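Note on naming: letters A, B, ... go to the chains in the order of the sequence lines (proteins, then strands), and numbering restarts at 1 for each one. Since we're looking at a predicted model, the values are computed, not measured.
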2 protein chains.
Amino acid sequence: MSERVMLPSLDPRTGRAAADGIEVTTTQELDAACAAADAAARGLEQLGREGRAVMLIAMATELEARREELVAVADRETGLGSPRLPGELTRTVFQLQFFAEVLREGSYLEATIDHRGETPAGVRPDLRRTMRPLGAVGVFGASNFPFAFSVPGGDTASALAAGCPVVAKAHEAHPITSRLCFEALAAGAAAAGAPEHSVSLVAGWDVGRALVEHPMVRAVGFTGSLNGGRALADIAAARPVPIPFFGELGAVNAVVVCPDAARTRGADIAAGLVASFTLGVGQFCTKPGLLLLPAGADGRALRDALSELVAATSPGVLLSERTADNFTTGRERLVGSPGVTVLAEGSPVVTAEGWWASPVVVTATAEAVASVASHEVFGPSLVVAEYASEAELDSLLDGLTGALTATVHATEADDLAARLLERFSRQVGRIVWNGFPTGVAVAWAMQHGGPYPAATHAAHTSVGAAAIRRWLRPVTYQDVPQSLLPDELRDGPVAVPRRVDGRLELPAS
Amino acid sequence: MSERVMLPSLDPRTGRAAADGIEVTTTQELDAACAAADAAARGLEQLGREGRAVMLIAMATELEARREELVAVADRETGLGSPRLPGELTRTVFQLQFFAEVLREGSYLEATIDHRGETPAGVRPDLRRTMRPLGAVGVFGASNFPFAFSVPGGDTASALAAGCPVVAKAHEAHPITSRLCFEALAAGAAAAGAPEHSVSLVAGWDVGRALVEHPMVRAVGFTGSLNGGRALADIAAARPVPIPFFGELGAVNAVVVCPDAARTRGADIAAGLVASFTLGVGQFCTKPGLLLLPAGADGRALRDALSELVAATSPGVLLSERTADNFTTGRERLVGSPGVTVLAEGSPVVTAEGWWASPVVVTATAEAVASVASHEVFGPSLVVAEYASEAELDSLLDGLTGALTATVHATEADDLAARLLERFSRQVGRIVWNGFPTGVAVAWAMQHGGPYPAATHAAHTSVGAAAIRRWLRPVTYQDVPQSLLPDELRDGPVAVPRRVDGRLELPAS
């Protein structure tokens, strides 16, 4: 017998293996996992909305029961520490419970009934439309959120809610955390009587491509880098039967400070920005990456305050050697770009062990902005530029690509703000007013996505109630007898909102 | 000056040019059209829901005002005749009016408000989510519906409703119809005060690829063949900034007759099927293409009735030389396949002029079904096969690809039916019970699409209210002041359904 290839578990604070890691999935095992997930699809759908709600809550409970071990292992594998990791686990537990609420509420089915009737275009048959799950799906978690955007995260929660079995890929940067989370989800599924293979775990550097190509995988959720995500998206699109690839690929998130905001709240904005772009050592896809300040004394004062705060920061540990290498490369490219000057840096890294980095802020000339802002630098970096007029600001913003967020700092005296909101509504997924973009609430009204390259499908979100829609497909039943219709499409009172003959109806509460 | 290249207008009944045709769009003109459409996007959105509803109604009125000319020209270019073309125009007018209703109702915005509040995962900011248009889009109409799925059809109506300017490609098989329809839409836009370039027309064999590749085009709607559609979908996916390509690529639509239905209603089913598969000379994407009958006397009787009816049919005129060539090729491949035998044909084509074809029905052995059913033959053909047991039926259906529709003929005695419905809910977009799949009502509950190759995005529909969603993208506003929010997201009573703090609220009516 040959020995199994292992995916090591490394401690980013030291760079050394801290545990044995997990076994790399073989081609045969991947095939078996996808086939088992496909076979579980019907059972998971037939569990029904309430059955799946109970399952999600049981999964949340199992995660909560393993809190101490999960946080400790995740900390050892990611270096994200406390209070971040306990908070992220709380959010992940809440997210599973939230999708149970989405299931029980039932609007996501978009149940629609048109009874037989006359129309100006002739007789319309009886038509009834609802949403059905796509089947087994693949989920690629992100390195920077070992819980909330990884094995037990929003993609998995929303796909399971929809009724789609999940084949999750363990992240190389937190393999044991991935396995422990998978075990919690599997225990929750078992406790709720869900099919055994409602969730599966696969692992390995090369398993991703095979997962996206597998004929029994009907869609993929992905959170990660632009390069890796685009490569997988291209594979998904080129399959004999193409599948949707819902990739959240990160972004350069712009923050515009309007003149009166700079004048009246400059110091607060500087403090908030430094806290935001260094949060989690800058490893957020919603990290503010570009700050546009008004030229003149108020903008300069804000910049000076920012510079002072950054100079007082210390190094933080990055998630993995790859993250550290990419940050080093990205930082060097940024600092070496024409028109770019280092404004401030945190204290230097003093240890030779592990993968540490210090925050850096650079200034860029107006000419340099489009070029340096077209590449996200994942980690604690921020580009600052000035605008001398509204026309120059427009021109700077015209050069930006799609993004997850844009932030406007303004007061009532800043007439510019309305135009910025209108523009950003065409460029990003979420517009933040007088705040900071890091922090993505799990909510009905959340949108986490945006025009490419922020996401591969700008019409969808990976956070919030609407995330479930990615895993669903509508089916219309024409003249089908009552007894053979899905429950939510039968005549008579039901517990979900429905549109009946054009009118939206709420269930009696 | 060089002469303009023309797209000829041909009469399929004779194959001869019946008019001068229209000018082929140059590369420069295409670029100008896309830029003008992009520039019109903001104005079309700012026209508002009511403004666009008025515009759609004005467009419908302008089409109606040109009815006589439109029907005459479309008949000369397509040979579809009466009552089909007057009926299709009525449907197209209704469809534009229907999207005005969808706009006024306002659910499509999915307006959602979460007020600031505490959650188990921390403080949630004020979040408000709505839908915004994508920008300029391209529309490729189909040869077989010169009105309803062409320049003034469902893609155009839903995109304009969403607020997206449309660059429509004139179909080669009905260029003058395309131009006349465009003129009606442009007159409607002008009458309603919409931006001048809310709708544009381009034409030419090679303009399609350039339209899909154009950086100012944000999405594409397409109705047409699998080969052509997949090629364009691949181009859309490979762009530096990929865009969604909503292709409806046709299907092999299965009809299963259960044993008791064959016994009790065999003759009616045979008559309905012949009417359905020869409707419009079989040139429907929802044409029934595969009939599965129970083995034994009842199935044989149905087959014999079908055969007799088909033998009594006459040739019909196909849409174009290309359609005729493809039908000839497809028919020859079908008839020449192992296990396939001609069951019946209509009377032979007697004219040497134009592009005529006669209906054909073949039988296929169980072994041959998967192979012959994997290629749609666009035109009046039908494949008939037998199943000797439920297991054999399952195995036949397992071999089918995704489709737009599936039809079940059954009585209460056919226990098989429930299983068929469950299976088809995973394979198709619309399930028809004791009816025939041709005929796609414009309705709130319609689904026209399905798993690949029926459509490139199975989550979407090209007919019915939900068709508008293809052209929209969500945006969330975080902590934005009331005065700067879109109207539908402000506090206080509004005229659209909204979800507020998790609860769906209807407007006071």
Legend entry - Leading residue by heavy atom contact count with chain B [cutoff under 4.5 Å; candidates Val442(A), Asp234(A), Val428(A)]: Val428(A)
Legend entry - Donor-acceptor side-chain pairing of Thr461(B) and Arg129(A) below 3.5 angstrom: no
Inset, instruction - Taking the side chain as every heavy atom from C-beta outward, state whether Val475(B) and Ile431(A) have any pair of such atoms under 4.5 Å apart. - result: yes
Legend entry - Between Val480(A), Thr456(A), Leu485(A), the one whose heavy-atom pairs under 4.5 Å with chain B are most numerous: Val480(A)
Legend entry - Interchain contact, Ala465(B) with chain A, by part (heavy-atom threshold 4.5 Å): neither
Inset, instruction - Measure from the side-chain N and O atoms of Thr476(A) to the backbone N and O of Arg430(B), and report whether any donor-acceptor pair falls under 3.5 Å. - result: no
Inset, instruction - With a 4.5 Å cut-off on heavy-atom pairs, point out which of Glu101(A), Glu505(A), Arg128(A), Glu110(A) contacts chain B the most. - result: Glu110(A)
Inset, instruction - Name the option with the most non-hydrogen atom pairs under 4.5 Å to chain B; the candidates are Ala441(A), Pro242(A), Pro437(A). - result: Pro242(A)
Inset, instruction - Measure across Pro120(B) and Thr90(A) and return the closest heavy-atom pair with its distance rounded to 0.1 Å. - result: O-CG2, 3.4 Å
Inset, instruction - Evaluate the side-chain proximity of Pro481(A) to Glu412(B): yes if any heavy-atom separation is below 4.5 Å, no if none is. - result: no
Legend entry - Reported CD-to-CD distance for the pair Gln46(B) and Glu422(A), which is rounded to 0.5 angstrom: 5.5 Å
Legend entry - Arg42(B)/Arg426(A) under side-chain contact (heavy atoms from CB on, under 4.5 Å): CA gap, chis, key distance, verdict: CA-CA 9 Å; Arg42(B) 196 167 159 184; Arg426(A) 287 176 279 123; 3.9 Å; yes
Inset, instruction - Could you look at Ala111(A) and say if it's the side chain, the backbone, both or neither that has a heavy atom under 4.5 Å from chain B? - result: neither
Legend entry - Atom pair CZ (Arg503(B)) and OG (Ser107(A)), whose distance is rounded to the nearest 0.5 Å: 11.0 Å
Legend entry - Sub-4.5 Å side-chain heavy-atom contact between Tyr452(B) and Pro240(A): no
Legend entry - Pick from Arg469(B), Arg132(B), Glu45(B), Arg470(B) with the largest number of heavy-atom pairs that fall under 4.5 Å of chain A: Arg469(B)
Inset, instruction - Would you give the length of the straight line joining atom CG of Asn434(A) to atom CG of Asp479(B), rounded to the nearest 0.5 angstrom? - result: 8.5 Å
Legend entry - Atom of Leu484(A), atom of Ala417(B) and distance for their closest heavy-atom approach: CD1-CB, 4.5 Å
Inset, instruction - With rounding to the nearest 0.5 Å, note down the distance linking CH2 in Trp433(A) to CG in Asp126(B). - result: 13.0 Å
Legend entry - Best-contacting candidate, Met131(A), Arg91(A), Glu105(A), Glu88(A), against chain B by heavy atom pairs under 4.5 angstrom: Glu105(A)
Inset, instruction - Would you mind telling me which of Arg218(B), Arg239(B), Gln97(B) has the largest number of heavy-atom pairs within less than 4.5 Å of chain A? - result: Arg239(B)
Inset, instruction - Please determine, among Arg230(A), Met446(A), His460(A), the option with the most heavy-atom pairs under 4.5 Å with chain B. - result: Arg230(A)
Legend entry - Nearest heavy atoms of Arg124(A) and Ala443(B), plus distance in Å: CD-CB, 3.7 Å
Inset, instruction - Grab the two heavy atoms, one from Ala458(B) and one from Pro474(A), that are nearest each other, plus how far apart they are. - result: O-CD, 3.5 Å
Legend entry - Over all atoms of both residues, closest heavy-atom pair of Arg473(A) and Ser425(B): NH2-O, 2.7 Å
Legend entry - Option among Thr112(B), Asp501(B), Leu504(B), Leu127(B) that satisfies the side chain to side chain contact (heavy atoms under 4.5 Å, CB included) test with Trp444(A): Thr112(B)
Legend entry - chain B contact via Arg419(A) - which portion, at a heavy-atom distance below 4.5 Å: neither
Inset, instruction - Flag the pair Phe98(A) / Thr119(B) as yes when at least one side-chain heavy-atom distance between them is below 4.5 Å, and no otherwise. - result: no
Legend entry - Residue Phe94(A) versus chain B: region with a heavy atom under 4.5 Å: side chain
Legend entry - Contact class of His457(B) relative to chain A, heavy atoms under 4.5 angstrom: side chain
Inset, instruction - Check each atom of Arg498(B) against the heavy atoms of chain A and say whether the ones under 4.5 Å are side chain, backbone, both or neither. - result: neither
